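What follows is a short report on a single structure.
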Amino acid sequence: MSTVGVGGAGGARVQIEGVHKSFTLDGRSAPALIDISLEVQTGELLCLLGPSGCGKSTLLNIVAGFLPPTGGRVLVDGSPITGPGPERGVVFQEYVLFPWLTVAQNIEFGPRLMGVPAARCREITARYLEMVGLSEHATKFPVQLSGGMKQRVAIARALANSPSIVLMDEPFGALDAQTREVMQEELSRIQRVEHKTIVFVTHSIREAVYLADRVVVMTSSPGRIKEVFPIKLPETRNRFAPEFTHYESEITRVVKEEVAKVHE
Ligand SMILES: Nc1ncnc2c1ncn2[C@@H]1O[C@H](COP(=O)(O)OP(=O)(O)OP(=O)(O)O)[C@@H](O)[C@H]1O
Ligand SMILES: [Mg+2]
């Protein structure tokens, strides 16, 4: 495993091999995902796009180990997963923070649970508080924070567990447009330091082009992989560059074909 000690950097390889998922509702089985095969490279940031209901969250939950696939398997650094694991961190759209703990205590929660010595916990917490720009808010409670700040805590909390893989399901979906762009810039900066393997679900094509090494577009439900776009742009991206808008319009065209099918 390429997982390094708590508080360290580095990613892991994720292989999604022929994953199928069906859900049974009212005694009838309906497919949600069909034959998903994808390899996410160590340190890669992969964005998943697709119409509502195409199975993005289902796929992320399968990779997280929260849901078993109906067929196929997921491997992390060559080993099949059998459930959730500390090498995979998850950040959801809702800010799932413990309301009775301070910002610092929320970040420290995972390392403490893993039995990391107190002094090291404080070090890790200080590091990630600084990384997400919340050092001055360490003693506040979640209720005192804005949406963007809460999501920064959620990201810091996921990173404090030193996962090699971070799974993010529309993490900036509830934020206003300006805060969202700031958060994208922060994540991109953090990723240049941490080199995690990230699978990032979004509905925003601009967000995907800004963040991703590759963008995967899924078909409408049941979800299959429709097209994969490697984003060959510099690490620091300019949302107004012609190359950026070119990717944006190309991917928009492909996503729209699928969204149109949902409304047929
Ligand atoms: N626990 C479940 N039981 C039954 N059906 C489910 C369950 N979870 C998801 N589904 C179905 O699987 C399909 C994919 O859902 P999923 O939430 O993964 O889509 P999504 O791409 O994340 O959508 P959105 O963009 O709206 O978040 C949908 O048809 C959904 O109704
Ligand atoms: Mg979803």
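Being a predicted model, the structure only gives us computed values, none of them experimental. First listed ligand is number 1; within each ligand, the first listed atom is number 1.
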Tell me whether Arg253 is salt-bridged to Glu257, with the criterion being a basic N under 4.0 Å from an acidic carboxylate O. yes
Give a yes or no on whether atom 31 (O) of ligand 1 lies under 4.0 Å from any heavy atom of the protein. no
Counting non-hydrogen protein atoms only, what is the nearest one to atom 15 (O) of ligand 1? Give residue, atom name and distance. Thr58 OG1, 3.7 Å
Salt-bridge contact Arg157-Glu108 (side-chain N to carboxylate O under 4.0 Å): no
Taking atom CD of Glu130 as the centre, report whether more than 12 heavy atoms of other residues, nucleotides or ligands fall under 6.0 Å from it. no
Ion pair Lys196/Glu87, N-O distance below 4.0 Å: no
Among all protein heavy atoms, pick out the one at the shortest distance from atom 26 (O) of ligand 1; state its residue, atom name and that distance to 0.1 Å. Ser52 OG, 2.5 Å
Where ligand 1 meets Gly55 - atom numbers and elements under 4.0 angstrom, heavy-atom basis: 14 (C), 16 (P), 18 (O), 19 (O), 20 (P), 21 (O)
Any donor-acceptor N/O pair, Tyr247 side chain to Lys232 backbone, under 3.5 Å: yes
Is Cys54 in polar range of ligand 1, meaning some N or O pair under 3.5 Å apart? yes
Looking only at protein heavy atoms, what sits closest to atom 6 (C) of ligand 1 is Phe23 CD1, 3.3 Å
Considering His203, Gln93, Lys56 one by one, which has a heavy atom nearer to atom 21 (O) of ligand 1 than any of the others? Lys56
Please state whether Glu170 comes within less than 4.0 angstrom of ligand 1, counting heavy atoms only. yes
Show the nearest heavy-atom pair for residues Lys21 and Thr58, with the distance to one decimal. CG-CG2, 3.7 Å
Are any of the N or O atoms of Ser221 closer than 3.5 Å to those of ligand 1? no
Are the charged groups of Lys256 and Glu250 less than 4.0 angstrom apart, N to O? no
Gln151 (side chain) donor-acceptor with Phe92 (main chain) under 3.5 angstrom: yes
Specify the protein heavy atom at minimum distance from atom 17 (O) of ligand 1: its residue, its atom name, and the distance to 0.1 Å. Ser57 CB, 3.9 Å
Short N or O distance, Leu25 and ligand 1, threshold 3.5 Å exclusive: no
Under 4.0 Å between heavy atoms, the region of Ala32 that gets near ligand 1 turns out to be side chain
Is Lys21 close enough to touch ligand 1? Criterion: a residue heavy atom under 4.0 Å from a ligand atom. no
For atom 2 (C) of ligand 1, is there a protein heavy atom at a distance under 4.0 Å? yes
Sub-4.5 Å side-chain heavy-atom contact between Arg152 and Val182: yes
Under 2.8 Å from the Mg ion (ligand 2), is there any N, O or S atom belonging to Ser57? yes
Of the non-hydrogen atoms in Phe244 and Asn238, which two are nearest, and what is the gap between them? CB-O, 3.3 Å
Do any heavy atoms of Gly53 fall under 4.0 Å from ligand 1? yes
